[in-house]
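We're numbering straight along the sequence, starting at 1.
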Amino acid sequence: MGAAEPVVEREGEEVEVKEENGKNKEEGEDRDVEKGEEVGFEFEEQAVAAESNTNDDHNQRDVHMSMMHRLNPTNPLRIVINSNTRAATPPPSRFSHGSNNIRVGATPSPSHFTHPPPHSQPRSTPTPPPSITTLNSRKYTNKISLFLFLLHMIAAIGLVGFLIFKGVQGLIEASDNRVKRAEKRVLKFFLPQVEAASLLSIILAFAWQKAVRVWPKFFVHFILWTTFLMSLSAGILLICFQKAATDGVGVCFIAFAIGNGLYACWITQRIGFCSKILIKSLEPVSKFPDLNQPTYWMLGVGFLWMSLWNLAVIGALNFYLTPLMIVLLGLSLAWTAEVMRNVANITVSRVISLYYLRGMQSNTKFCFQRALSKSFGSACFASLFVPSIEALGIVARALNLLEGEDEFMFSCAHCCLRVMESIFRYGNGWAFVQIAAYGKGFVKASQDTWELFERQEMEQIVDSDITISICFLTGVCSGSMCVIVVAAWTATVHQSFTATISLLAFFIGYLMTRIAMALPHACVGSYFVCYAENPDNRLFDNTIKDRLALMKSGRDVAIRTPRVPRRFAAR
C-alpha cells in the first residue's frame with residue numbers, strides 16, 4: 001500500500017499542472033489595448049516524431065519515475081525531482097504505451113541505461129505571426145516637420161517680442177513728435193478694433209461649436225445661407241465707403257457671396273445625407289464629457305497669441321520693411337493656428353476612433369498629451385499641406401464643371417483632375433484618424449486611408465461629403481461678421497484704417513472659428529474611416545450602406561456633378 005501512494009500524488013500533480021496551465025493561458029490572452037500591447041499568437045509544436053523515438057523517450061521518463069519512488073519522501077534529491085516534474089508534467093496519454101510502462105517498485109532493465117536515446121528529428125521553424133498595428137505607437141511622427149515648426153516658433157516668439165519692444169520704444173523714447181503722434185493714433189484707432197475682432201471671433205467660435213452639437217441638421221442649412229448673407233453684407237458695406245482699398249476688398253466679398261450662393265443651390269440634394277452623417281457621428285460625443293476641453297485650450301492659447309500678434313503688427317508699423325514684416329507675421333499666425341486646429345482634430349479623432357474600433361472610452365487628457373507629443377510632427381506637417389489640398393479640391397470640382405465646354409477645357413480639366421487624384425492619394429484630410437489611432441506619419445496615413453475607401457468603394461461618398469465645406473463656410477461667416485462690426489466702427493473714428501483692419505478682422509475671425517470646428521470635422525472623419533475599416537461594426541447603421549446601394553443601382557443623383565449641354569459632353 002505504501003508503494004501506491006506516489007502514484008496518487010502524481011495524478012494530483014498532473015491535474016494541478018493542467019489547471020495552472022489553463023489559468024496562465026487565460027491570463028495571457030487578457031491584453032490592454034490602450035497601452036499598445038499586441039495580441040499574442042501561439043504556435044503548436046509538431047505532433048510526435050517516429051514511433052521508435054517516442055517509445056525510447058517514454059522509457060527514459062519511466063526510469064526516472066522508478067528511481068524517484070525508491071527514494072525516501074524526505075530525501076532532498078526526491079524533493080528536487082518532484083519540483084522539476086511538477087514544472088513540466090506531460091499529459092497522461094503520453095505515458096500509456098502498453099508494455100513500456102514501468103510499475104512502481106519494479107527493477108528497470110539494463111537496456112534503459114546502456115542505449116543512449118537516438119537523435120530527435122529537427123523541428124520545422126514556426127512561421128512568424130503577422131504584424132499587428134499597435135494602437136499606442138511610441139515613435140514620433142514627421143520629425144523634420146516637428147523640428148521646423150519648433151524652430152519657427154522660436155523665431156516667431158523672438159520677432160513678436162522684438163516688434164512689441166520697438167512699438168513701445170517708439171511710443172516712449174521717440175524724439176520726433178510726429179512719430180509719437182503716429183504711434184498714439186495707431187494705438188487709439190487701430191488696436192481697440194483688432195482686439196474687439198479677436199474677442200468677437202472667440203465668442204462666435206464657442207457659439208458655432210455649441211450649435212453644431214445641439215442642432216446639427218438645422219446648422220447645415222443655417223450656415224450655408226448665413227454665410228451668403230454675411231459675406232454679401234460685408235462686401236456692400238465696404239463698397240459704400242467709396243475708397244479704393246475698401247472697394248477692392250468689398251468686390252472680393254461680393255464675388256465670394258455669389259459663389260457661395262451657387263454652391264448652396266448645387267449641393268441641395270447632398271444636405272440630407274450630410275445631416276444624417278453629422279447627427280450619427282456626433283452621438284459618441286455625449287459619452288465623453290471632457291471631449292471639448294482640448295478645443296477650449298487651443299482657443300484660449302490662440303486668443304492670447306493673437307492678442308500679442310496684434311501688438312506686433314502695430315510695432316511693425318514703426319520698423320523697416322513694414323509690408324514684409326506683416327506678411328511674415330501673417331504666415332506664421334496661419335501656420336500656428338492650423339497646428340492648433342490639427343492638434344484638437346487628432347485628439348478628438350483618437351478618442352472617437354478607439355470608441356468605434358475597440359469600444360473603449362479613452363482618457364481625453366491622455367489623448368491630448370499624445371497629440372502634443374507623439375503625433376505633433378504629423379499635425380505640423382499636415383498644417384502645411386491640408387489647406388492647400390482642400391483648396392485644390394475646390395479647384396478640381398470647378399474644373400469638373402467646365403470639363404465639357406470644349407476640347408481645350410476638357411484636356412486641361414482631365415489633366416488637372418488626374419494630378420489632383422494623385423495628390424489626394426498621398427495627402428488628404430482624412431488621414432488624421434489613422435494618425436491619431438495608429439501613430440502613422442501623414443503620408444502613410446493618407447495612403448492607407450484612401451486604400452480603405454477604395455476597398456469599400458467609398459471614394460465618391462467621401463469626395464462628395466460637404467462637412468469640410470461647412471466648416472470652411474463657418475469660418476468665413478465669422479470673419480464676415482467681424483468685418484461688418486470692425487469696419488463700421490473704424491469708419492466712424494478713422495476711415496483710412498478701414499481696409500487694413502477689415503482684412504485683419506476677417507483673418508482672425510476665420511482662424512479662431514476653424515479651431516472650434518475641429519470637433520465636428522474629427523467626428524465625421526472618424527465615422528467614415530472607421531466604417532471603411534470595419535463596416536460590420538454594430539455601432540454603425542445602414543446610412544452609408546444604403547447610400548452605396550443607391551449609387552451602384554444608379555438611382556442616386558445627389559453626387560453627380562451637373563454638366564453642360566449634351567452636345568458638348570458627347571465629345
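- The two atoms that bring Ile544 and Met458 nearest to each other are CG2-CE, 4.3 Å, heavy atoms only.
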So Ser362 and Tyr355, side chain to side chain contact (heavy atoms under 4.5 Å, CB included) or not? Walk me through it.
CA-CA 7 Å; Ser362 303; Tyr355 172 76; over 6 Å; no
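- Residues Phe432 and Val386 meet the side-chain proximity criterion, which asks for heavy atoms closer than 4.5 Å.
- Summarising the geometry, atom CZ belonging to Arg455 is positioned 14.5 Å from atom CH2 belonging to Trp450; distances are rounded to the nearest 0.5 Å.
- For Glu454, the salt bridge (Lys or Arg N to Asp or Glu O under 4.0 Å) partners at least two apart in sequence or on another chain are Arg425.
- Using a distance-only test at 3.5 Å, with no hydrogens or angles considered, a donor-acceptor pair links the side chain of Ser307 to the main chain of Phe303.
- Between Tyr426 and Gln447, some side-chain heavy-atom pair lies under the 4.5 Å cut-off.
- Inter-residue side-chain proximity for Ile508 and Asn310 is flagged as met; some heavy-atom pair is nearer than 4.5 Å.
- The heavy-atom pair separating Ala436 from Ser349 by the smallest distance is CB-CB, 3.8 Å.
- Without hydrogens or angle criteria, Arg547 side chain to Phe273 main chain gives no donor-acceptor distance under 3.5 Å.
- Checking side-chain atoms of Trp309 against main-chain N and O of Leu329 turns up a donor-acceptor pair under 3.5 Å.
- Across all non-hydrogen atoms, the minimal contact from Asn260 to Leu224 is ND2-O, 3.5 Å.
- When atom types are taken as modelled, the side chain of Thr490 and the backbone of Ala487 share no donor-acceptor pair closer than 3.5 angstrom.
- Note: Arg370 CZ to Asn363 CG = 13.0 Å, rounded to the nearest 0.5 Å.
- When side chains are defined from C-beta on, Ile466 counts as touching Tyr263, because their heavy atoms get closer than 4.5 Å.
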Yes or no on side chain to side chain contact (heavy atoms under 4.5 Å, CB included) for Trp305 and Leu333, after CA distance, side-chain angles and deciding distance?
CA-CA 9 Å; Trp305 178 246; Leu333 179 63; 3.7 Å; yes
Walk me through whether Phe507 and Leu511 qualify under side chain to side chain contact (heavy atoms under 4.5 Å, CB included).
CA-CA 6 Å; Phe507 191 53; Leu511 292 178; 3.7 Å; yes
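- Nearest heavy-atom pair across Ser464 and Arg270 is O-NH1, 3.3 Å.
- A heavy-atom distance below 4.5 Å is not found between the side chains of Phe453 and Asp463.
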Give the table of side-chain donor-acceptor pairs shorter than 3.5 Å for residues 530-541, with sequence neighbours excluded, one pair per line with atom names and distance.
| residue | atom | partner | partner atom | Å |
| --- | --- | --- | --- | --- |
| Glu533 | OE1 | Tyr438 | OH | 3.2 |
| Glu533 | OE2 | Tyr438 | OH | 2.4 |
| Asn537 | OD1 | Leu539 | N | 3.0 |
| Asn537 | ND2 | Tyr356 | O | 2.5 |
| Asp541 | OD1 | Tyr527 | OH | 3.0 |
| Asp541 | OD1 | Thr543 | N | 3.2 |
| Asp541 | OD1 | Thr543 | OG1 | 3.0 |
| Asp541 | OD2 | Thr543 | OG1 | 2.9 |

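- Residues Phe149 and Trp335 bring their aromatic ring centres within 6.0 Å.
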Do Phe528 and Ile461 pass the side chain to side chain contact (heavy atoms under 4.5 Å, CB included) test, and can you show the C-alpha distance, the side-chain angles, and the key distance before you say yes or no?
CA-CA 9 Å; Phe528 276 116; Ile461 286 183; 3.6 Å; yes
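- Taking the side chain as every heavy atom from C-beta outward, Phe368 and Val343 approach each other to under 4.5 Å.
- Between the side chain of Thr141 and the backbone N or O of Lys374, at least one donor-acceptor pair lies under 3.5 Å.
- Phe253 contributes atom CZ, which lies 12.5 Å from atom CD1 of Ile236 (distance to the nearest 0.5 angstrom).
- Counting all heavy atoms, side chain and backbone alike, Thr347 lies closest to Ala371 at OG1-CB, 3.4 Å.
- No more than 12 heavy atoms of other residues, nucleotides or ligands shown are found within 6.0 angstrom of CD1 on Ile144.
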Please tabulate, for the side chains in residues 514-523, all donor-acceptor contacts under 3.5 angstrom to protein atoms that are two or more places apart in sequence or on a different chain.
| residue | atom | partner | partner atom | Å |
| --- | --- | --- | --- | --- |
| Arg514 | NH1 | Tyr510 | OH | 2.9 |

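- Sorted by first and then second residue, the salt bridge (Lys or Arg N to Asp or Glu O under 4.0 Å) pairs with a member in residues 335-346 read Glu338-Arg341; sequence neighbours excluded.
- Asp448 places no side-chain N or O within 3.5 Å of a backbone atom of Gln434 that could act as its donor or acceptor partner.
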All N/O donor-acceptor pairs, side-chain side in residues 473-481, below 3.5 Å, sequence neighbours left out:
| residue | atom | partner | partner atom | Å |
| --- | --- | --- | --- | --- |
| Thr474 | OG1 | Ile470 | O | 2.6 |
| Ser478 | OG | Trp208 | NE1 | 2.6 |
| Ser478 | OG | Thr474 | O | 3.3 |
| Ser478 | OG | Thr513 | OG1 | 2.7 |
| Ser480 | OG | Val476 | O | 2.9 |

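- Using a 4.5 Å cut-off on side-chain heavy atoms (C-beta onward), Trp266 and Leu262 make no contact.
- The distance from atom SG of Cys380 to atom NE2 of His152, rounded to the nearest 0.5 Å, is 9.5 Å.
- When all heavy atoms of Ala505 and Val486 are compared, the pair lying nearest together is CB-CG2, 4.0 Å.
- Atom CD1 in Ile277 sits 7.5 Å away from atom CG in Asp465 (nearest 0.5 Å).
- The side-chain heavy atoms of Ile254 and Ile239, taken from C-beta on, include a pair separated by under 4.5 Å.
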Give the table of side-chain donor-acceptor pairs shorter than 3.5 Å for residues 282-298, with sequence neighbours excluded, one pair per line with atom names and distance.
| residue | atom | partner | partner atom | Å |
| --- | --- | --- | --- | --- |
| Glu283 | OE1 | Lys280 | NZ | 3.3 |
| Ser286 | OG | Glu283 | O | 3.1 |
| Asp290 | OD1 | Thr364 | OG1 | 3.1 |

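- Rounded to the nearest 0.5 Å, atoms CD1 (Ile346) and OG (Ser375) are 5.5 Å apart.
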